[in-house]
Asks: 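Right, I'll just put the structure down here and ask away after.
Not measured: the values here are computed from a predicted model.
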Amino acid sequence: MRFMSKVLMSLLLLAVALNVTAADELSVAQEALRDGLWEIARSHAGAGDSSEARLVILESLAGEGKWEEIGRRLAGWKDAQGDGFDYYRAVVKGDHAKAMEILKRGGSSEGLVQAKLFEAEALAKDGKRDQANGIWREVVAQTNVGTRVLALAAVNLMDAALLRRAYAEVDDLGLRRMTGLRLGMVLLREAATAKKGAGLIRAIAKDAPDASGAREAFLAIADHEIASGRWAAAADIYREAIETWPDVAQIASVQEGRGWVLDRLGRRDEALEAFKLSGTLAKDDEGRAVALVREGDVLQELERADEAMSRYRTVLEKYPKTAIAGKLKTVVSARELEARGRGLYRDFKFAEAAAAFAEAGRADSSRQERMAYFSALCQYGLGHDDAAENAIRDLSKGGKDREVRRLATLWLAKLLYNRREWKESGRLFVSVAEEKGNPEEAAEALLWAARAAFFDGNYNQAIQPPTEAAERHANA
């Protein structure tokens, strides 16, 4: 009966129901309950005139996770007494210890399994994840474990093999969607399976946006795209998420993620707004402080140095006990030096600017490569062409900062283009375009590659990049 489809099982139970007396209605309800046919179980349990019928109703509601409805039913059944009812009352109140005690007292194998699940949940909430995982694995190792227990254990363990098994075996639509979404999130962790994971999450979220965990799983795709450096794809995911679940826009971490992505795409005014909103939505000082620092970084990129420093100082003054403030104390001086260097560079004072950038790099190791890039530009401004080119080449090939590596490659490509070194400049422009970053910059790089190919006499190659730019970056 376990392998029979739900539709076939429903029809069979309907046929049986038409040929039973009222006294047998409870048996049909209990049979439907065992097969996970929650609504059919409730319909045959009737109004819950007996304790047995009422327990069928409660268990069917529990199977669908409708705990608020369970609480309403119990409130209406003032005369409902016994361990079964006390168990559900304890769960509704969040008294897991009492619920476990009742289940263990019952002594049934099903009750003991449920007690173990409650124990694992309580341990996980207390931060004892390893102990909780041990219990979930112990439960799922039983040969006769039910599909509901299998699904709950798989979801908590986030084990790919168990999730695949549960997704294949579970009949309950809600549980199947939940396991499918968690499976998709696990698949996102590996490059070889990420595309399949994203597809699974998208399919379930599109079909059932209200499914448990759909929103969180969908946002996990954005995290994956960010980790892979695909800023435009991540921005699209955030946009789709907000369109599907408008309240997502009121989550601080989502706005912080949007700000990060928009900044990488060069859409800095939008990034600034996103970081401002993340600070407004933040629930603690740490979140507010991080948002201000992010705003400062974007303002720095917009050459609004005074405003940037104002944000950094606000963090130190208003949120001095936050973790990021502790780090910022050593960084503020570096940011001030960087702002000073940018100002000197704009005034063509290249030697002084180079010294400021070098000092800023020493003060903040996280921006050392970016300062090295600015220093190289100063060397070029001073007429030290070979030194500048060598420094830029080193950054374009071995830089750890992806953005700095891209900037260095683009600068080098333009330098070689001006020297009429068409082949190498064209190759470098194409490599910049292949970076999963700003679509407009990628399209522009492909057009530069086409110009280089044209001047090199490679006319077929000159036609290909613009065509590819039009196809790949239609909105650019």
Asks: For Tyr373, which residues count as a ring-ring contact (aromatic ring centres under 6.0 Å, His included) partner, sequence neighbours excluded?
Replies: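 Expected list: none.
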Asks: Please identify each residue that fulfils side-chain contact (heavy atoms from CB on, under 4.5 Å) with Ala334, with sequence neighbours left out.
Replies: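 Scan of Ala334 (side-chain contact (heavy atoms from CB on, under 4.5 Å), adjacent residues dropped) gives Ala363, Asp364.
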Asks: Please confirm whether Arg264 makes a cation-pi placement over Trp260, using NZ or CZ under 6.0 Å from the six-membered ring centre and within 45° of the ring normal.
Replies: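 So Arg264 does make the cation-pi contact.
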Asks: Which pairs with one or both residues in residues 390-399 pass salt bridge (charged side-chain N to carboxylate O under 4.0 Å, His left out), sequence neighbours excluded?
Replies: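 Listed once each, the pairs are Glu389-Arg393, Arg393-Glu424.
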Asks: Enumerate the residue pairs fulfilling side chain to side chain donor-acceptor pair (under 3.5 Å) with a member in residues 201-213, sequence neighbours excluded, ordered by first and then second residue.
Replies: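 Non-adjacent pairs meeting side chain to side chain donor-acceptor pair (under 3.5 Å): Arg177-Asp207, Arg202-Glu240.
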Asks: Taking salt bridge (charged side-chain N to carboxylate O under 4.0 Å, His left out) as the cut-off, I'd like each qualifying pair that reaches into residues 343-355, sequence neighbours left out, listed once.
Replies: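 Passing the test, one end in residues 343-355: Glu303-Arg346.
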Asks: Quick one: salt bridge (Lys or Arg N to Asp or Glu O under 4.0 Å) partners of Glu216, sequence neighbours excluded?
Replies: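 Partners of Glu216 under the salt bridge (Lys or Arg N to Asp or Glu O under 4.0 Å) test: none.
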Asks: Among all residues two or more places apart in sequence or in another chain, which pass the salt bridge (Lys or Arg N to Asp or Glu O under 4.0 Å) test with Arg311?
Replies: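 Residues passing salt bridge (Lys or Arg N to Asp or Glu O under 4.0 Å) with Arg311: Glu295.
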Asks: Of all residues at least two apart in sequence or in a different chain, which pass the salt bridge (Lys or Arg N to Asp or Glu O under 4.0 Å) check with Asp386?
Replies: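 None.
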Asks: Show me the pairs that pass salt bridge (charged side-chain N to carboxylate O under 4.0 Å, His left out) and involve residues 181-195, at least two apart or across chains.
Replies: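 Qualifying pairs: none.
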Asks: Test of understanding: with salt bridge (Lys or Arg N to Asp or Glu O under 4.0 Å), list the residues that count as partners of Glu286, not counting sequence neighbours.
Replies: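 Listed in chain order: nothing, the list is empty.
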Asks: With ring pair (Phe, Tyr, Trp, His ring centres under 6.0 Å) as the rule and sequence neighbours excluded, what pairs involving residues 156-182 come up?
Replies: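 Applying ring pair (Phe, Tyr, Trp, His ring centres under 6.0 Å) to every pair that reaches into residues 156-182, excluding sequence neighbours, yields nothing.
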Asks: I need the minimum non-hydrogen distance between Ala376 and Ala388, along with the two atoms involved.
Replies: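 Residues Ala376 and Ala388, closest heavy atoms: O-CB, 3.4 Å.
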Asks: Give every residue pair that meets the salt bridge (charged side-chain N to carboxylate O under 4.0 Å, His left out) criterion with at least one member in residues 369-381, sequence neighbours excluded.
Replies: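 Of all non-adjacent pairs touching residues 369-381, those that pass salt bridge (charged side-chain N to carboxylate O under 4.0 Å, His left out) are Glu301-Arg370.
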Asks: Go through it in stages, so that I can follow the logic: the residues are Arg288 and Tyr319, the test is side-chain contact (heavy atoms from CB on, under 4.5 Å), and I'd like the CA-CA distance, side-chain angles, deciding distance and then a yes or no.
Replies: CA-CA 8 Å; Arg288 286 183 276 273; Tyr319 311 113; 3.6 Å; yes
